[in-house]
Amino acid sequence: MKYGFFDESKKEYVITRPDTPAPWVNYLGSPEYGAIISNNAGGYSFAKSGANGRILRYIFNQFDQPGRYIYLRDQESEDYWSASWQPVGKDLNSYKSECHHGTAYTKMMADYSEIHTEVRYYVPLEKSYEVWNLAVTNTSDRIRKINVTGYAEFTNNSNYEQDQVNLQYSQFITRTVFRGNRVRQMIHANLDQLEDGKDVDDKIVVDRFFGLAGAKVDSWCGSREGFLGRYHGYNNPVGVEDGILNCEGNYNENGCGALATILTLYPGETKEIAFIVGMKEDADAETIMSRYENCETICRNELEELIQYWHGHLSHFQVKTPSEEFNTMINTWNAYNCFMTFIWSRAASFTYCGLRNGYGYRDTVQDIQGVIHLAPEMAVEKIRFMLSAQVNNGGGLPLVKFTHNPGHEDTPDDASYVQETGHPAYRADDALWLFPTVYKYISETGNLEFIDEVIPFANKEEGTVYEHLKRAVDFSMNHLGKHGMPAGLYADWNDCLRLGKDGESTFVALQFYYAMTILKEFAEYKKDTEYLNYLYSDEAQRIAGDNYYRPSNEDILKEYADVFDLNVNLVTIDDFGGWDKAQETHFADGGVFDQIYEE
């Protein structure tokens with residue numbers, strides 16, 4: 001069954017059948033504001049943290065609901081549908097739609113009852129709110145009055161788990177009010193009289209908003225029950241069925257933002273509006289809304305700016321092979337997905353619910369490698385950040401908080417860190433991922449000066465990048481098992497294994513040896529003879545042998561004659577005439593590998 005195709009000219013995946021086997025999703029936004037949207041407009045959004053900054057509600061592992069819903073109702077026939085196939089779910093024999101997942105934007109086109117709609121979902125570049133830009137066209141030969149209703153279901157608490165589980169609390173702290181062109185939701189609304197800078201039990205009023213630009217609001221609703229109605233769902237909300245919203249907010253229970261406007265469209269006429277969602281104080285929301293008075297122009301410019309930004313980054317590395325499918329994956333989608341994991345460190349998706357309130361150390365350092373060749377300036381900033389999350393003992397913080405404060409953080413050695421993050425111990429592999437990542441960055445950019453840049457440790461002290469790497473080796477050296485191999489500690493990349501201080505990890509042993517080979521090159525560059533002697537000391541050579549790496553010291557190699565063949569002739573790159581000669585002979589156009597491919 002075919003559900004769509006890749007459009008490489010626009011760098012979009014086009015879904016031509018909305019009834020996909022599962023929600024097919026796209027990522028919108030930046031580290032400051034993240035959003036996930038499916039091909040049927042399901043999904044959620046958050047400010048910075050998927051765990052503690054949740055704005056729009058989503059119920060996981062169920063029916064891809066709720067979402068960013070836009071309903072349309074013919075005021076004459078009273079028939080209604082949605083700009084995405086779901087949630088109304090009209091018969092696909094009469095309802096035609098396409099979803100275009102692009103680079104940080106999603107477009108949905110639909111045709112029903114001689115009305116064409118196109119909605120463009122995106123987060124403007126360097127902004128921390130989202131836009132739903134809707135164009136409605138009358139393709140009939142008569143005047144139409146179309147009621148357009150946008151619906152955003154807010155969480156009752158910025159903490160996702162509290163919103164879903166702690167109902168005895170979260171159901172009693174919200175309020176929604178109308179502000180002319182937007183619904184304002186307040187969490188802990190009863191604290192709105194507090195002086196600036198004051199709080200109660202670390203709680204303050206948190207504002208969200210759902211606004212309409214480009215048309216006047218004819219009716220509104222701030223209560224989920226008031227919008228949906230009892231024993232109704234997202235597919236048949238009473239607010240849409242009735243053709244008018246109740247113009248009432250909520251005080252406790254479940255809040256939402258629902259805004260309706262009635263568009264009069266002459267034959268062939270198109271009108272554009274924009275719904276805007278964010279977590280902003282009321283004054284900031286008003287400023288944002290004022291930017292979109294001429295929503296058609298500003299939305300077009302913002303979307304074009306976003307496309308140029310992402311396509312520009314992707315253009316930094318392009319391949320051309322006989323396989324168009326391979327080209328599409330490498331040039332666009334593999335790279336784009338690398339950016340997404342780089343931005344959010346795998347902290348939010350439809351399968352990972354966004355409960356991690358921070359960056360996983362190993363995940364983030366690994367993900368940096370995927371974008372170094374595409375955006376080295378972005379990569380090095382994240383490398384600095386992760387180096388500043390390395391403890392002065394050389395280990396990495398298992399979870400780096402979004403509020404990370406280098407030089408002042410608690411560590412797994414502190415009960416306060418364990419209580420706050422839920423991570424009770426160090427992982428054996430975390431800091432060892434710094435070696436291939438730093439090495440790749442320097443290899444890609446030639447920025448050898450980076451090795452001397454001074455960066456603080458997470459808890460105290462500071463050191464050069466070179467010193468940070470040496471501390472990472474020290475951490476492994478100080479956590480060896482009884483056979484001289486690195487201990488697995490709380491995890492060794494495989495989070496299912498708890499090897500502890502006595503169990504040893506062959507995986508980390510491989511990493512450890514690779515780390516020392518990289519550190520050797522940096523030590524040679526630094527002319528650090530003392531450290532080079534340490535790396536090639538008899539002790540270090542025996543550690544290599546114990547971990548099944550061939551010692552370079554011939555005398556110590558003999559001690560491992562039962563492990564290594566002493567008579568084997570090893571080949572190095574010099575046997576191929578050096579890297580330049582090997583490239584010319586084997587990998588250049590017309591070289592050995594091209595000849596093999598042609599045969």
Side-chain angles (χ1 to χ4, degrees), residues 1-7 12-29 34-46 55-73 79-113 115-123 130-136 148-155 210 224 227-228 232-237 239-240 256-258 275 277 340 348-351 353-354:
M1 188 69 69
K2 185 174 182 179
Y3 291 89
F5 62 93
F6 291 99
D7 181 351
E12 295 177 343
Y13 184 73
V14 181
I15 299 171
T16 54
R17 283 190 54 170
D19 55 339
T20 51
W24 290 0
V25 306
N26 195 13
Y27 286 85
L28 317 176
I36 297 176
I37 184 169
S38 77
N39 57 301
N40 279 305
Y44 61 96
S45 58
F46 53 91
I55 301 169
L56 294 185
R57 180 179 287 151
Y58 185 79
I59 307 301
F60 292 91
N61 194 29
Q62 203 166 18
F63 303 110
D64 191 26
Q65 292 178 340
R68 299 167 175 85
Y69 296 148
I70 299 176
Y71 299 88
L72 299 101
R73 180 183 189 271
D79 189 15
Y80 62 90
W81 61 100
S82 44
S84 49
W85 179 51
Q86 294 295 326
V88 176
K90 287 292 188 180
D91 189 321
L92 290 177
N93 290 318
S94 56
Y95 182 97
K96 305 301 179 185
S97 75
E98 282 189 354
C99 172
H100 294 226
H101 282 326
T103 48
Y105 68 89
T106 287
K107 295 190 297 187
M108 296 185 190
M109 283 81 83
D111 288 279
Y112 179 79
S113 186
I115 295 293
H116 174 77
T117 58
E118 179 175 330
V119 57
R120 310 161 191 107
Y121 297 97
Y122 66 94
V123 175
E130 62 184 272
V131 176
W132 314 352
N133 176 214
L134 173 71
V136 186
V148 178
T149 302
Y151 177 77
E153 187 168 317
F154 298 121
T155 58
F210 181 63
R224 185 183 72 172
F227 175 75
L228 294 179
H232 284 246
Y234 302 107
N235 63 316
N236 61 345
V240 175
C256 74
F275 295 101
V277 181
M340 294 304 104
S349 70
F350 274 10
T351 51
C353 302

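For clarity, every value in this text was computed on a predicted model and none was experimentally measured.
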Exercise. Looking at N39 and H101, what are the two nearest heavy atoms and their distance?
Worked result: N-NE2, 3.8 Å
Seminar exercise, completed: For L56 and Y44, the nearest pair of non-hydrogen atoms, with its separation, is O-CB, 3.2 Å
Exercise. Between R224 and R57, does a side-chain contact (heavy atoms from CB on, under 4.5 Å) hold up when you go through it step by step?
Worked result: CA-CA 12 Å; R224 185 183 72 172; R57 180 179 287 151; 3.6 Å; yes
Exercise. Taking all atoms of both residues into account, what is the closest heavy-atom pair of A258 and Y151, and its distance?
Worked result: CB-CD1, 4.1 Å
Exercise. Do Y58 and D64 have side-chain N/O donor and acceptor atoms under 3.5 Å apart?
Worked result: yes
Seminar exercise, completed: Hits for ring-ring contact (aromatic ring centres under 6.0 Å, His included) against F63, two or more places apart or cross-chain, chain-then-number order -> none
Problem set entry | Any P18 side-chain heavy atom under 4.5 Å of L92 side chain | yes
Exercise. Which atoms form the tightest heavy-atom contact between W85 and Y95, and what is the distance?
Worked result: N-OH, 3.4 Å
Exercise. Listed by chain and number, what are the ring-ring contact (aromatic ring centres under 6.0 Å, His included) partners of W132, not counting sequence neighbours?
Worked result: Y121, F210
For this session: Quick one: pull up CE in M108 and OG in S84 and give me the separation to the nearest 0.5 Å.
Result: 5.5 Å
For this session: Look up atom OG in S82 and atom CD1 in I70, then write down how far apart they are to the nearest 0.5 Å.
Result: 9.5 Å
Problem set entry | Full working for side-chain contact (heavy atoms from CB on, under 4.5 Å) between V148 and L134 | CA-CA 10 Å; V148 178; L134 173 71; 3.6 Å; yes
Exercise. Got V25 and I37 here, is their nearest side-chain heavy-atom distance under 4.5 Å?
Worked result: no
Problem set entry | SG-CD distance between C99 and E12, expressed to the nearest 0.5 angstrom | 9.5 Å
For this session: For a side-chain hydrogen bond (donor to acceptor under 3.5 Å, both in side chains) with Y234, tell me which candidate from Q65, E153, Q86 qualifies.
Result: E153
For this session: Apply side-chain contact (heavy atoms from CB on, under 4.5 Å) to T155 and I55, showing your working.
Result: CA-CA 6 Å; T155 58; I55 301 169; 5.6 Å; no
Exercise. Measuring from Y112:OH to T117:OG1, what's the distance to the nearest 0.5 Å?
Worked result: 12.5 Å
Exercise. Does a side chain donor of either E118 or H116 reach within less than 3.5 Å of an acceptor in the other side chain?
Worked result: no
Exercise. Are a donor atom and an acceptor atom from the side chains of E130 and S45 found within less than 3.5 Å of each other?
Worked result: yes
For this session: For V136 and L72, run side-chain contact (heavy atoms from CB on, under 4.5 Å): C-alpha distance rounded to whole Å, both residues' side-chain angles, the deciding distance at 0.1 Å, then the answer.
Result: CA-CA 10 Å; V136 186; L72 299 101; 4.2 Å; yes
Exercise. Taking side chain as C-beta onward, heavy atoms only, is K107 less than 4.5 Å from N133?
Worked result: no
For this session: Return the orientation label for the F350 and F60 ring planes: parallel under 30°, perpendicular over 60°, tilted otherwise.
Result: perpendicular
For this session: Check the angle between the aromatic planes of Y71 and F227 and answer parallel, tilted or perpendicular using the 30° and 60° thresholds.
Result: tilted
Exercise. So, the side chain of D91 versus the backbone of N93: is there a donor-acceptor pair under 3.5 Å, distance only?
Worked result: yes
Problem set entry | Nearest non-hydrogen partners of Y27 and A348, listed with the distance | OH-O, 2.9 Å
Exercise. Would the number of heavy atoms belonging to other residues, nucleotides or ligands and lying under 6.0 Å from CG of N61 be above 12?
Worked result: no
Problem set entry | Nearest-0.5 Å distance that lies between atom CG in N26 and atom NE2 in H100 | 12.5 Å
Problem set entry | I36 vs L28 side-chain heavy atoms within contact, under 4.5 Å | no
Exercise. Does N236 reach the side chain of Y80, with side-chain heavy atoms less than 4.5 Å apart?
Worked result: yes
Seminar exercise, completed: dist R68:CZ -> F275:CZ (nearest 0.5 Å) comes out at 14.0 Å
Problem set entry | Side-chain touch V14/E98, heavy atoms, less than 4.5 angstrom | yes
